[in-house]
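Heads up, the thing below is written out as structure tokens.
Note that the structure is predicted; figures quoted are calculated from it, not measured.
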Amino acid sequence: MQNSYLADFYHGWLIEVMQTENGFQSICYSPARERLSDYSTYSNDFQALAAAKKIINKYVARHVLTSFIRELYELEKLDFEEWRSLNQSLINAIATI
């Protein structure tokens with residue numbers, strides 16, 4: 001990479017990859033300007049970009065699944081304990097990916 005900065009779009013998110021003293025880091029911005037990053041440093045820009053895409057995928061998956069189980073709860077297809085258990089399982093699963 002010739003520049004110290006790279007930008008790309010992925011699923012509507014803006015990904016910025018910046019060169020630092022120790023390597024490359026990425027920051028992701030949603031269309032609503034939510035900001036996500038794993039604050040890790042990668043040896044090249046392609047690794048930082050791939051990591052950013054993984055962060056976005058995890059965020060989007062969690063958001064969609066959380067919305068879905070909330071909808072089921074609101075439609076009374078799940079009781080409160082089922083909703084809480086599923087929601088917590090989802091949080092735990094996403095955190096370990």
Side-chain angles (χ1 to χ4, degrees):
M1 182 168 118
Q2 297 293 340
N3 301 340
S4 60
Y5 171 82
L6 169 74
D8 197 6
F9 287 94
Y10 183 70
H11 295 303
W13 290 65
L14 170 65
I15 301 172
E16 294 179 347
V17 176
M18 294 148 300
Q19 189 170 15
T20 66
E21 262 184 41
N22 301 323
F24 295 86
Q25 292 183 328
S26 58
I27 301 174
C28 310
Y29 297 97
S30 77
R33 298 299 289 168
E34 293 174 271
R35 182 179 170 168
L36 300 175
S37 178
D38 65 358
Y39 302 102
S40 296
T41 301
Y42 299 92
S43 59
N44 64 58
D45 54 345
F46 296 109
Q47 289 176 339
L49 187 61
K53 289 177 179 181
K54 183 177 178 181
I55 291 168
I56 292 168
N57 286 339
K58 285 171 55 171
Y59 178 86
V60 170
R62 182 180 55 86
H63 179 72
V64 168
L65 291 170
T66 300
S67 296
F68 177 68
I69 63 172
R70 176 159 183 133
E71 185 177 324
L72 290 176
Y73 173 69
E74 289 173 353
L75 293 171
E76 298 180 357
K77 305 261 183 205
L78 297 173
D79 65 32
F80 178 75
E81 288 303 316
E82 290 170 324
W83 169 82
R84 190 172 63 101
S85 178
L86 286 169
N87 197 50
Q88 188 60 49
S89 294
L90 179 60
I91 291 167
N92 294 342
I94 296 293
T96 60
I97 294 177

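Under a 3.5 Å cut-off, the side chain of Glu34 and the backbone N or O of Ser30 do not form any donor-acceptor pair. Under the 3.5 Å distance criterion, the side-chain polar atoms of Ser26 are left unmatched by any main-chain donor or acceptor of Val17. Put simply, the side chain of Ser67 gets close to the backbone of His63: a donor and an acceptor are under 3.5 Å apart.
Between Gln25 and Ser40, the shortest heavy-atom distance links the atoms CG-O, 3.2 Å. Taking both residues in full, the closest heavy atoms of Gly12 and Pro31 are given as O-CG, 3.3 Å, listed atom of the first, atom of the second, then distance. Smallest separation of non-hydrogen atoms from Cys28 and Trp13: CB-CE3, 3.9 Å.
With hydrophobic clusters built from ILVMFWY side chains whose heavy atoms lie under 4.5 angstrom apart, Ile56 does not share a cluster with Tyr39. Cluster annotation: Val64 is connected to Ile55 through the hydrophobic network of ILVMFWY side chains, with a link wherever side-chain heavy atoms come within less than 4.5 Å. Linking Ile, Leu, Val, Met, Phe, Trp and Tyr whenever their side-chain heavy atoms come within less than 4.5 Å puts Leu36 and Leu49 in one cluster.
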Subject >> Criterion side-chain contact (heavy atoms from CB on, under 4.5 Å) on Ile91 and Gln88, from CA distance to verdict >> reply: CA-CA 5 Å; Ile91 291 167; Gln88 188 60 49; 4.3 Å; yes
Subject >> Intermediate values then yes/no, side-chain contact (heavy atoms from CB on, under 4.5 Å), Glu16 and Tyr29 >> reply: CA-CA 8 Å; Glu16 294 179 347; Tyr29 297 97; 3.5 Å; yes
Subject >> Pair Glu82-Asp79, side-chain contact (heavy atoms from CB on, under 4.5 Å): steps then yes or no >> reply: CA-CA 5 Å; Glu82 290 170 324; Asp79 65 32; 3.3 Å; yes
Subject >> Check against side-chain contact (heavy atoms from CB on, under 4.5 Å), Gln19 and Asp45 >> reply: CA-CA 8 Å; Gln19 189 170 15; Asp45 54 345; over 6 Å; no
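Grouping Ile, Leu, Val, Met, Phe, Trp and Tyr by side-chain contacts under 4.5 Å, direct or through others, puts Phe80 with Phe68, Ile69, Leu72, Tyr73, Leu78, Trp83, Leu86.
Residues in residues 62-71 take part in these salt bridge (Lys or Arg N to Asp or Glu O under 4.0 Å) pairs, two or more places apart or across chains: Arg70-Glu74.
Within the 4.5 Å cutoff, side-chain heavy atoms of Ile27 are placed close to those of Met18. No side-chain heavy atom of Phe24 sits under 4.5 Å from any side-chain heavy atom of Leu6.
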